[in-house]
Structure formats: structure tokens, C-alpha cells
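Notes to accompany the following structure.
Chain naming here is simple, since letters A, B, ... match the order of the sequence lines and numbering starts at 1 in each. Excluded from the calculations below are hydrogen atoms, water molecules and symmetry mates; all remaining heavy atoms, backbone and side chain alike, are included.
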Amino acid sequence: MNEFLTCNEIKNLLSPYFDMELSDEETEIVTKHIENCPGCKQQLESIKHLSGNIKLSYNPDNDRDIPGNLSAVRGLLPQDIEECLTVKSNLSAFIDGELPGEKTIKVLEHVINCEFCRKQYEKVKKTSELTRNYLENSVCNEVYIARQKTHIKVIEKIRQINSKRKILSSAAAVVFVAVLGWFSILQLNPVKPDDVNINETRYIRTDRPMYVKSEEFILTELDSAPPKEVVSLLYGD
Amino acid sequence: MKKKPRDIYKNMELDELIKKSQQDDRLALEELIKRNEKSVYSTLYHLDPNRTDIPDIAQEVLFRMAKAIKNLKRPATFKFWLNQIITNLFYDELRRKTRRLNTISIDAPFLNMESGEAPSAMNIADTEKIPEERTLGSELDKHIKEAIENLPEQFRIVIVLRELQGLSYEEIAEITKTSMGTVKSRLARARSRLQEEIKPYLNHERGSNE
């Protein structure tokens with residue numbers, strides 16, 4: 001809806017505005033206009049005055065003679081349009097228990113005293129209940145879910161990921177051990193003569209002929225590594 | 001598979017179930033997933049009833065919940081935490097692609113060369129996959145369903161999070177990354193619109209109560 005309405009257009013909306021029958025958007029537009037337009041404000045006052053008179057003289061038997069849609073005809077009159085508009089905007093939060101303490105009390109007091117707003121409150125409450133009932137009880141076709149078995153698929157996916165993780169960490173462990181082993185073998189292999197301690201004696205397995213390291217085999221004096229068979233005899237493998 | 005331990009989990013309090021899940025108790029995690037499957041599915045459906053891939057999104061939500069369960073510091077906030085996952089994924093899916101019941105565009109290329117699948121506009125709705133509604137016995141329910149579907153998305157989101165999930169305004173504000181004032185006004189306007197739409201059928205149902 002266009003925000004900017006002419007006074008003629010606003011005047012046509014004043015009656016439903018007074019009855020609080022306009023949408024939130026329309027209500028906002030009219031409220032803003034009236035704040036700045038004395039002419040339309042005056043018109044609204046006339047409607048208030050008129051409906052007040054009608055209510056005083058209201059006789060249910062004669063209602064077919066009363067024109068228009070003034071809610072006064074139905075015996076429902078907003079107590080005070082400004083206050084009722086404020087209460088109306090808070091009804092939803094009031095029902096949800098989400099208003100701060102003082103506001104809750106104000107709305108409660110007003111609703112108790114204003115039949116019009118009480119009706120509004122009942123409508124909002126009803127809408128909320130119907131919506132909740134529908135949302136909670138609809139869909140989730142049990143048969144559909146049973147067919148899909150979402151939870152089984154989720155659990156299966158988690159298992160797959162966990163087993164992949166286990167495989168990866170096992171593989172990583174194997175690689176780690178292999179690398180460690182490779183380095184250990186490198187350390188055991190006497191490739192560098194300088195590393196040997198000449199005072200070190202080694203004990204050789206008794207199922208082989210015993211050999212004692214002699215001066216000849218002091219590796220530091222050698223220019224090159226001793227033959228393999230000598231090494232194996234020395235170090236017992 | 002022993003039957004007895006599973007029964008224990010079925011009767012376990014939510015707090016304890018969460019704690020056990022965080023301690024790598026597999027059966028506890030399975031039970032947690034089972035308990036929340038329907039709620040996740042239902043929420044996603046009502047957030048956007050025309051999607052055809054709701055089971056896939058629901059599966060992803062539950063999977064993320066299971067993966068991230070150890071990050072939940074206070075089990076008391078579980079419902080709020082789970083709804084954050086649901087809504088975030090819902091927003092993500094909205095941004096990426098909409099698998100809705102669209103009309104086919106003449107201009108859209110037939111095949112997406114990267115993914116090798118037809119673009120969403122070309123997807124013909126598989127009516128078998130669309131979840132069926134039960135309990136729409138009353139005419140009023142059908143009108144309520146339609147009224148909710150007709151709500152602008154932001155209104156529908158707050159209605160679902162409040163009426164279906166029962167979250168507080170503060171929680172809804174945090175999940176939707178807005179303020180409490182915005183949540184309050186969106187809820188009020190959403191209910192106002194719903195009321196307008198179902199009013200004629202309400203009077204009909206209630207008869208002389210009005």
C-alpha cells in the first residue's frame with residue numbers, strides 16, 4: 001500500500017480505523033497521517049462522538065436501521081483508540097508471556113476493562129492455539145519417515161567416518177613406526193667409523209665361535225669399513 | 001544387539017543422554033538422533049513446505065548435531081542449539097539453490113556442466129517424494145496450512161520457531177540474527193495475517209460462538 005494517501009482516501013478509512021478493522025500496515029499509515037493532519041483528526045473525533053451517541057441510544061431490535069460498519073452497532077466500542085492500539089500491538093507478546101512486568105499488568109488491566117480488546121485478545125489467542133495444534137500434529141507422516149529411516153542413514157554415515165578415521169590413524173601409525181624403524185636401522189649400521197667407541201666390548205652369541213676384538217679391528221684406524229662378515233662376527237648377528 | 005541397554009536409553013533423561021553422547025557412548029548418540037528426527041523434519045517442512053529435498057537436509061542437520069555434540073557446553077540449551085543448526089542450514093540451503101516446485105525456464109541450460117545435473121528450474125517435482133500431510137481432516141486445518149504457506153518467509157520462520165519449537169523471543173532473535181523487538185513485531189503481524197485468512201472459516205466452524 002502506498003504510504004502517501006490523500007485526505008479523501010484517509011477519510012474513507014477512518015471508520016474501519018476507529019473500529020480497529022484495518023490491517024497493521026493501514027493502521028500505521030492512518031495514525032501517521034492523523035498526527036500531522038488537523039482536518040482528518042477532526043473527522044476522527046466526529047466519528048468517536050457519533051458512535052458514542054449511537055451506543056447510548058443503541059437498541060438491538062433496531063440494528064437493521066443503523067448504517068455502516070461501526071462496531072458500536074454490535075455493542076463493541078474501543079475505549080480509547082490510542083490506548084487500544086497500543087494494547088493491540090502488545091497482545092501477541094502478552095499471550096506469549098514475553099512482556100516486561102509493568103507492561104503485562106497494564107495490558108491485563110486494560111483487557112479486563114475493555115470488552116473490545118478482550119475480544120481481540122481472544123482472537124489472537126485462538127489463532128495462536130490453532131496454529132500450534134496444526135504445526136504439532138500435521139505432517140511427519142509416520143509412514144514416510146519409516147520409509148526414509150533418516151536416523152539409520154545418519155548413524156551409518158557416522159560409522160563410515162569413524163572407520164575411515166581409524167584406518168587413517170592406523171596407516172599413520174604404521175608409517176610412523178616404519179620411519180622410526182628405518183632411522184633405528186640407520187643408527188645401528190656402522191657406516192661412519194668415527195662413531196665407534198674403541199673401548200666398547202661386545203658379547204657375541206655362544207652358538208658361534210667367540211671372537212674378541214683385537215687391535216687390528218679398531219675401526220677408527222681403518223680407512224674403510226671392515227668386510228661385512230667381520231662386522232657380523234663382531235656384533236653378533 | 002542387546003535389547004535391554006537400548007531400553008535404558010529410551011527412558012533416559014535428555015541431560016544424561018547428551019552427557020553420554022559427549023562421552024562417545026554410541027547407543028546414547030543413536031537414541032538422541034532418533035528422539036529429534038521428527039522435530040527436525042517437521043520444522044524443516046513447515047519452514048518451507050515446497051521443498052523436495054527435506055529428508056536430505058534433515059539428515060544433514062542430524063549429522064551435524066551428532067558431530068558437534070561435544071561442543072554443547074550446557075545440555076539445558078540443547079533445543080535452542082539444535083534449532084540454530086536447523087535454521088543455519090535452512091538459510092544455507094536457501095542461498096545455494098532452491099529446489100522448489102518451479103516452472104521450467106526456457107532459457108535455462110539443460111545440463112549444469114560442472115555438476116552434471118539439471119539445474120533446479122528443470123527439476124520436475126517427484127510427487128512421491130513430497131511428504132504427505134496427515135491429520136488434515138478438518139477444512140480449517142487446510143486453510144491454516146495455506147495461510148502459513150502464504151506468509152512472507154520471515155514471518156513464517158518466527159511462527160514456526162515460536163509455535164512449533166516453543167522458543168523464547170530472545171532465542172528466536174539470536175537464531176534469526178535480529179532483535180527481540182523485531183521478533184515481537186513479526187510474530188504479532190504474522191498472527192494478525194493468519195487471523196485474517198482463517199477468520200471466515202473460523203466463524204463457520206464455531207457457528208454461533210462469535
Side-chain angles (χ1 to χ4, degrees), chain A residues 20-28 74 76 87-100 103 119-162, chain B residues 26 29-30 33-43 45-46 49 55-56 58-63 65-67 129 131-136 140-141 144-145 147-148 159-160 162-166 168-170 180 183-185 187-196 198-199 202 206 210:
Chain A
M20 294 182 63
E21 294 285 330
L22 291 183
S23 70
D24 293 333
E25 218 184 324
E26 290 166 332
T27 304
E28 208 178 311
R74 299 191 297 276
L76 291 171
V87 165
K88 188 184 175 188
S89 68
N90 282 311
L91 277 178
S92 181
F94 174 72
I95 284 165
D96 289 337
E98 293 271 356
L99 283 182
K103 262 191 182 169
K119 289 276 177 185
Q120 296 299 317
Y121 162 80
E122 282 164 16
K123 281 183 193 173
V124 179
K125 195 155 198 292
K126 183 79 186 175
T127 305
S128 166
E129 278 166 8
L130 287 171
T131 310
R132 198 176 320 129
N133 282 338
Y134 163 73
L135 289 173
E136 282 174 358
N137 298 318
S138 82
V139 89
C140 288
N141 185 326
E142 301 291 355
V143 172
Y144 181 80
I145 289 218
R147 262 193 282 132
Q148 292 297 315
K149 296 251 185 246
T150 310
H151 67 273
I152 290 177
K153 289 182 185 173
V154 174
I155 291 159
E156 189 50 44
K157 196 172 173 183
I158 293 169
R159 279 196 192 134
Q160 281 176 2
I161 290 192
N162 282 343
Chain B
R26 207 172 40 85
L29 191 60
E30 278 185 30
I33 292 169
K34 266 192 239 178
R35 278 196 203 179
N36 288 284
E37 181 183 34
K38 184 176 174 180
S39 167
V40 166
Y41 188 93
S42 189
T43 307
Y45 171 77
H46 286 296
D56 298 326
Q59 192 180 322
E60 183 61 26
V61 166
L62 291 166
F63 177 66
M65 175 195 85
K67 255 205 317 182
K129 281 191 180 171
E132 289 164 29
E133 291 256 3
R134 291 159 97 230
T135 75
L136 287 188
L140 182 60
D141 269 342
I144 294 174
K145 168 178 153 66
I148 295 175
I159 281 281
V160 170
R162 174 70 204 185
E163 303 288 14
L164 180 58
Q165 289 290 347
S168 71
Y169 283 23
E170 196 180 343
M180 273 179 71
V183 171
K184 178 185 166 190
S185 97
L187 261 172
R189 293 173 71 177
R191 280 169 174 156
S192 181
R193 281 210 202 192
L194 289 174
Q195 190 186 316
E196 276 306 306
I198 66 174
K199 196 162 68 172
L202 204 62
R206 290 169 64 190
E210 253 285 76

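Heavy atoms of A/L99 lying under 4.5 Å from chain B belong exclusively to its side chain. Contacts between A/N162 and chain B at a heavy-atom distance below 4.5 Å are absent for every atom of the residue. If you measure heavy-atom distances from B/T43 to chain A, you find no contacts under 4.5 Å at all. In this structure, chain A has no heavy atom under 4.5 Å from any part of B/E196. For chain A, the nearby parts of B/I159 are the backbone and the side chain; heavy atoms of each come within less than 4.5 Å. If you measure heavy-atom distances from A/I161 to chain B, the contacts under 4.5 Å come from the side chain alone. Of the atoms belonging to B/L62, heavy atoms from both backbone and side chain fall under 4.5 Å from chain A. Only the side chain of B/M180 has a heavy atom closer than 4.5 Å to any heavy atom of chain A. Neither the backbone nor the side chain of B/R193 comes within contact range of chain A; no heavy atoms are under 4.5 Å apart.
A/S92 and A/E98 are not linked by any side-chain donor-acceptor pair at a separation below 3.5 angstrom, with hydrogens and angles left out of the test. With hydrogens and angles left out, the side-chain atoms of B/E163 and A/S128 include a donor and acceptor closer than 3.5 Å.
B/S185 pairs by the side chain to side chain contact (heavy atoms under 4.5 Å, CB included) definition with nothing, not counting sequence neighbours. Applying the ring-ring contact (aromatic ring centres under 6.0 Å, His included) criterion to B/F63, with sequence neighbours excluded, gives no partner residue.
In B/E170, the CD atom is not crowded: 12 or fewer heavy atoms of neighbouring residues, nucleotides or ligands sit closer than 6.0 Å. Around the NZ atom of A/K125, the shell of radius 6.0 Å holds no more than 12 heavy atoms that belong to other residues, nucleotides or ligands.
Contact count versus chain B (heavy atoms, under 4.5 Å) is highest, among A/L91, A/V154, A/T131, for A/V154.
Of all heavy-atom pairs between B/L194 and B/I148, the closest is CD2-N, 3.7 Å.
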